[in-house]
Amino acid sequence: LCRHGSLQDEVRLEEALLIANKRVPTGSSVMIISDFFNLSPEFERQLGILSRTCDVTLIQVNDPADKEIPVSGEIHFTDETGQELIVNTLDLQGAQLYRKLWTAKQENLMRLVRQMRTRLISLITNRPVSTDLFRGLVPTRKKTL
């Protein structure tokens, strides 16, 4: 959907969804792969437009270290805007604040999934991808009595 000069260029999800809303035919199945950590109001707006005309599946990639940062001193995070966040993992209060932030972001994603009626598949980096994808993509069979 998006073409950029190098593999180093980031494509913002909002931009990709804007293009998808213009180019993807109604009734298409669309899968969006991301960590979905920084969801903007524009992302939510574009996802809402796309989910009204397409079958959207969000595939979230999670690393266990994202939820529970390992104790390793200062870790520097930078978002797509260049804003930097420094987390001192030796500081118990800082680690707790980060865990709260991660949980709030996850709750926001779950709210969005319910609101947009999209499917969410979580991939955990320390498990086989195929298992999580299979569980998320294959409908469960209901038992009949």
Side-chain angles (χ1 to χ4, degrees), residues 1-140:
L1 292 173
C2 301
R3 295 189 192 273
H4 286 272
S6 78
L7 295 175
Q8 298 299 321
D9 290 339
E10 285 190 32
V11 176
R12 294 179 44 95
L13 285 175
E14 296 86 347
E15 294 170 18
L17 287 175
L18 179 66
I19 293 168
N21 282 323
K22 293 177 182 176
R23 295 185 183 171
V24 175
T26 297
S28 295
S29 179
V30 177
M31 296 183 183
I32 303 168
I33 303 170
S34 174
D35 62 3
F36 300 106
F37 194 73
N38 291 314
L39 300 180
S40 70
E42 182 61 15
F43 171 83
E44 292 187 25
R45 191 173 88 69
Q46 293 298 327
L47 181 63
I49 294 168
L50 187 65
S51 66
R52 285 193 287 276
T53 60
C54 296
D55 177 30
V56 178
T57 301
L58 303 179
I59 301 176
Q60 182 184 32
V61 180
N62 281 307
D63 188 304
D66 289 338
K67 182 177 179 182
E68 294 289 332
I69 298 177
V71 176
S72 58
E74 280 190 357
I75 300 177
H76 296 251
F77 296 94
T78 305
D79 69 12
E80 65 276 358
T81 67
Q83 184 175 352
E84 187 174 34
L85 170 69
I86 300 172
V87 176
N88 182 353
T89 62
L90 300 174
D91 176 19
L92 181 60
Q93 186 179 15
Q96 288 174 338
L97 286 172
Y98 178 83
R99 191 176 311 113
K100 282 184 179 181
L101 173 66
W102 189 93
T103 301
K105 299 280 189 176
Q106 193 66 22
E107 289 170 355
N108 185 45
L109 176 62
M110 297 308 294
R111 175 199 56 79
L112 184 62
V113 165
R114 285 189 301 275
Q115 180 182 338
M116 303 289 173
R117 295 188 176 131
T118 60
R119 182 182 326 170
L120 175 67
I121 299 172
S122 290
L123 303 181
I124 310 298
T125 58
N126 64 353
R127 294 195 314 224
V129 171
S130 58
T131 303
D132 290 334
L133 278 176
F134 182 77
R135 283 187 190 136
L137 293 173
V138 175
T140 57

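As a basis for the values below, the full set of heavy atoms in this structure was taken, side chains included, without hydrogen atoms, waters or symmetry mates.
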field: Note, Leu58 side chain near Leu109 side chain (heavy atom, < 4.5 Å)
entry: yes
Residues Val56 and Ser51: closest non-hydrogen pair is CG2-CA, 3.8 Å
Between Val24 and Cys54, the two heavy atoms sitting closest are CG1-SG, 3.8 Å
dist Met31:CE -> Thr118:OG1 (nearest 0.5 Å) comes out at 12.5 Å
Rounded to the nearest 0.5 angstrom, the CG-CG distance for Asp63 and Leu123 is 12.0 Å
Rounded to the nearest 0.5 Å, the CD atom of Gln106 sits from the CZ atom of Arg111 at a distance of 12.5 Å
Tested for side-chain contact (heavy atoms from CB on, under 4.5 Å) against Ile32, the lone hit among Thr57, Leu17, Ile59 is Leu17
*side chain to side chain contact (heavy atoms under 4.5 Å, CB included) between Leu18 and Arg12: does it pass, once the steps are laid out?*
CA-CA 10 Å; Leu18 179 66; Arg12 294 179 44 95; over 6 Å; no
- Go through the steps to decide whether Met116 and Leu50 satisfy the test side chain to side chain contact (heavy atoms under 4.5 Å, CB included), and finish with yes or no. CA-CA 10 Å; Met116 303 289 173; Leu50 187 65; over 6 Å; no
Between the CG atom in Asn38 and the NZ atom in Lys105, the distance rounded to the nearest 0.5 Å is 4.5 Å
To the nearest 0.5 Å, atom CZ of Phe36 lies from atom CG of Leu13 at 6.5 Å
Across all chains, not counting sequence neighbours, the side chain to side chain contact (heavy atoms under 4.5 Å, CB included) partners of Thr53 are Thr26
Rounded to the nearest 0.5 angstrom, the CG-CH2 distance for Asn62 and Trp102 is 5.0 Å
Kindly check if the number of other-residue, nucleotide or ligand heavy atoms within 6.0 Å of CD (Gln93) is above 12? no
Test your reading of the model: is there a side-chain donor-acceptor pair from Asp35 to the backbone of Val61, 3.5 Å cut-off?
no
